[in-house]
Peer 1: 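One structure, pasted below without further comment.
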Protein chains: 2
Amino acid sequence: MSPIMDRRSVLAGILAAGLPLSAVLPVRAQAGPLASWHEGPVKTSILDFVGKVTTPSARDFVIADERIAVFDNDGTLWCEQPIYSQLAFALDRVKLLAPDHPQWQTQEPFKSVISNDLAGLVRSGEKGIFEIVAVTHAGMTTDQFDRAVVDWTRTAKHPRFHRGYTELVFQPMLELLEFLRQNEFKIFVVSGGGIDFMRPWMEAVYGIPPERIVGSSGMTRYVVGEDGGPVLIKDAKIDFVDDGPGKPVGIHKFIGRRPIFAFGNSDGDLQMLQWTAAGSGARFMGIVHHTDADREYAYDRGSSVGKLDKALDEAVNGHWVVVDMKQDWKVVFPS
Amino acid sequence: MSPIMDRRSVLAGILAAGLPLSAVLPVRAQAGPLASWHEGPVKTSILDFVGKVTTPSARDFVIADERIAVFDNDGTLWCEQPIYSQLAFALDRVKLLAPDHPQWQTQEPFKSVISNDLAGLVRSGEKGIFEIVAVTHAGMTTDQFDRAVVDWTRTAKHPRFHRGYTELVFQPMLELLEFLRQNEFKIFVVSGGGIDFMRPWMEAVYGIPPERIVGSSGMTRYVVGEDGGPVLIKDAKIDFVDDGPGKPVGIHKFIGRRPIFAFGNSDGDLQMLQWTAAGSGARFMGIVHHTDADREYAYDRGSSVGKLDKALDEAVNGHWVVVDMKQDWKVVFPS
């Protein structure tokens, strides 16, 4: 069974059962919108913003077609520690493929990956990471990669929480997505992560369809095989990096309209937030600040993953909304 | 007034008046769907296909989320003769900018453009065309380009029909878009034309929003100006060519799902049609064959614009649907 058919049958089953998507998304029974958010200025600012842009008589009213909301993914919608999940996927995949590549036992950076020597991997530098991405993300068809991602989301477990990675999504943010959807926002993911890595699972997990997912990508080639069937081959060559100043570029390229609502968590989201803020009319810019080492992680200016420094300064200066994970969220992950 | 605000106010006006978009699109009063299509095998094949993929009890049923329909633009949704409209835009823009560039009076390829010497322009070759694209499509912000396109659509007239270019859209195809929309298809334009050239007017003319328009693009750069406001600058460097084998690549990149319905008119659409055909389940592949020199144009295998040769052969072999413009369409353009 192809992962495409698989996704199709899951969705078809949902629709055949007459259930709304929200009934199967991991959203808890709710008294009102944003049930997992503590009452306070952050929750109020979200409710107020959505209220004023969706009230036809309000000065800040925005028609539904133009209610563009963009969300970073890593660290904004799901956990990004101790390493980006996509890197965990790549390392797991090296181990999975290792039996077919006996030379990797002695060849860096693969040797370090196979022996769980993260320090060795770090020593291999950017070149090493590129080699890992090349063997795990290229040289196959898009359908084959899709299947590899789906298989991984079903089996891999997070080293600290011992749960599947797609279970380590932020419950309050799922509720925010649902609340915006109910208010006829068009919701997009705009992530530095790989577009082909995100699309296979995001519709089921976030309710966001593939065409509303923007990310980094490698080059893809159309090839008609000897047996006649056309395929798309993933090459080990960078096409687009959807991070930092690449995010407004990606928004322009894929969406073609400036967002009125943006949420991020790191300096990689700074330009996306600036670009959103610079539009006319009402705007909402939000940042998830990871302040909760007990329930998730606490990190900001000094972190190598999800560094939040300049964007935090600009949030204060620009009066953007900063979510204090520890103070603002009743729960972090779905139960 | 910025063109963005302008588009917004047009749409806001429509919505405020309580009109559905279909009421203001140039679609004539209809007895049933596809009113401008003559009865016959082509119309029947469209109705049959849409019927079977939207009937829940049918073997070929497809859930709404996966009803992806893709349309080429030039020659499929609007007239592409005697030259691509985007080239007409570029030539008109050279003339508009000429007073600020006195050196163009003696400098090719501009001299030929200004003096309406198409033969001279052809002699300037690919390099000449690139120079024209560079001065008319780059070196400005995305907002400035957007405004230039909107201004042009309001003033420029087609040399033969003496109507605005956005009036020279195919009435039967507008009805097809509306019919698919009513049947909950997600409709995308997948065109070799420039994405920034198409987005400013397609929502008003076709009812297709910017995020569902896929096209060729130049590189774009995020720049924070000295006065603090961020802008996106269009550079004279090719980013992506959405034509031929680039179309399935563009579909994968922007949509992330294989279409079940595709319409084109030239060899530039061959791979998009092949890619659509190669999916599992029911598929519809259609080609507009320009056979009507009286009401529009007649061209195919020998044409330099919109050459239809290999795709016509494959249509016959693969039993794709070929629209005979003269036989199948009661009218060509909206009245």
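Numbers restart at 1 for each chain; the letters A, B, ... are given by sequence-line order, proteins then strands. Worth knowing before you read on, the calculation uses all heavy atoms, side chains too, and leaves out hydrogens, waters and symmetry mates.
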Peer 1: Check the orientation of B:Phe145 and B:Phe89. Use parallel for under 30°, tilted for 30 to 60°, and perpendicular for over 60°.
Peer 2: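 Rings of B:Phe145 and B:Phe89: perpendicular, over 60°.
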
Peer 1: Working to the nearest 0.5 angstrom, can you tell me the gap between A:Ile213 CD1 and A:Glu203 CD?
Peer 2: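 Reported value, rounded in 0.5 Å steps: 7.5 Å.
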
Peer 1: Need one label for A:Val224: side chain, backbone, both or neither, based on atoms under 4.5 Å from any heavy atom in chain B.
Peer 2: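 Contact with chain B is through the side chain of A:Val224 alone.
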
Peer 1: Is it the side chain or the backbone of B:Leu232 that comes within 4.5 Å of chain A heavy atoms, both, or neither?
Peer 2: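 Contact with chain A involves both backbone and side-chain atoms of B:Leu232.
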
Peer 1: Considering only heavy atoms and a distance below 4.5 Å, find which of B:Ile195, B:Val214, B:Thr142, B:Ile68 pairs most often with chain A.
Peer 2: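 Option with the top pair count is B:Thr142.
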
Peer 1: Which word best sums up how the rings of A:Trp201 and A:Tyr206 line up, parallel for under 30°, tilted for 30 to 60°, or perpendicular for over 60°?
Peer 2: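 A:Trp201 vs A:Tyr206 ring planes: perpendicular.
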
Peer 1: Picking from B:Val249, B:Thr220, B:Val223, which has the most non-hydrogen pairs under 4.5 angstrom with chain A?
Peer 2: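 It is B:Val249.
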
Peer 1: Hey, are the side chains of B:Ser217 and B:Asp196 touching, using non-hydrogen atoms and a 4.5 Å cut-off?
Peer 2: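 When only atoms from C-beta onward are counted, B:Asp196 and B:Ser217 do not touch, as no gap falls below 4.5 Å.
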
Peer 1: Of all of A:Lys253, A:Gln274, A:Arg221, which one pairs up most often with chain B through heavy atoms under 4.5 Å apart?
Peer 2: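 Most pairs with chain B among the choices: A:Lys253.
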
Peer 1: Parallel under 30°, tilted from 30 to 60°, perpendicular over 60°: which one fits the rings of B:Phe261 and B:Phe284?
Peer 2: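 Ring orientation of B:Phe261 relative to B:Phe284: parallel.
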
Peer 1: Given a strict heavy-atom distance threshold of 4.5 Å, which part of A:Phe240 is in contact with chain B: side chain, backbone, both, or neither?
Peer 2: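 For A:Phe240, no heavy atom lies under 4.5 Å from chain B.
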
